[in-house]
Amino acid sequence: MLMKKQKGKCTLCNQYFTSEDNLEIDHIIPQISGGKNNMANKQLLHNYCHHKKTTSDGSRERKSN
Ligand SMILES: [Zn+2]
């Protein structure tokens, strides 16, 4: 479903997925930032793109407040 919605492309790097890529489901808005766990908030990314995004969007960080 996500694959069709994204036309077979990774939303981060804009490259087409191939059968050799490892894909991961990403929360567009991280759940730690109030993102919902539903289809509208999910996207498919390459695993390496997902890692790049999670290290930059703060979802890996623990908030202390
Ligand atoms: Zn990608």
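Just so it is clear, the model here is predicted, and its values are computed rather than measured. In each ligand, atom 1 is the first atom listed, and ligand 1 is the first ligand listed.
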Original post:
Do Asp26 and Lys42 sit within salt-bridge range, that is, some charged N less than 4.0 Å from a carboxylate O?
Top reply: no

Original post:
Closer than 2.8 Å to the Zn ion (ligand 1), how many protein N/O/S atoms do you count?
Top reply: 4

**OP:** Examine distances only and state if a side-chain atom of Asn41 and a backbone atom of Asn38 form a donor-acceptor pair shorter than 3.5 Å.
**Re:** no

**OP:** Just do the side chain to side chain contact (heavy atoms under 4.5 Å, CB included) check on His46 and Gln15 with the steps written out, would you?
**Re:** CA-CA 9 Å; His46 294 112; Gln15 302 293 308; 4.2 Å; yes

Original post:
Under the 3.5 angstrom rule, does the side chain of Ser33 hit a backbone N or O of Ile29 as a donor-acceptor pair?
Top reply: no

Subject >> Side chain proximity check, Leu44 to Lys5, heavy atoms < 4.5 angstrom >> reply: no

Subject >> Any donor-acceptor pair under 3.5 Å from Lys53 side chain to Ile28 backbone >> reply: yes

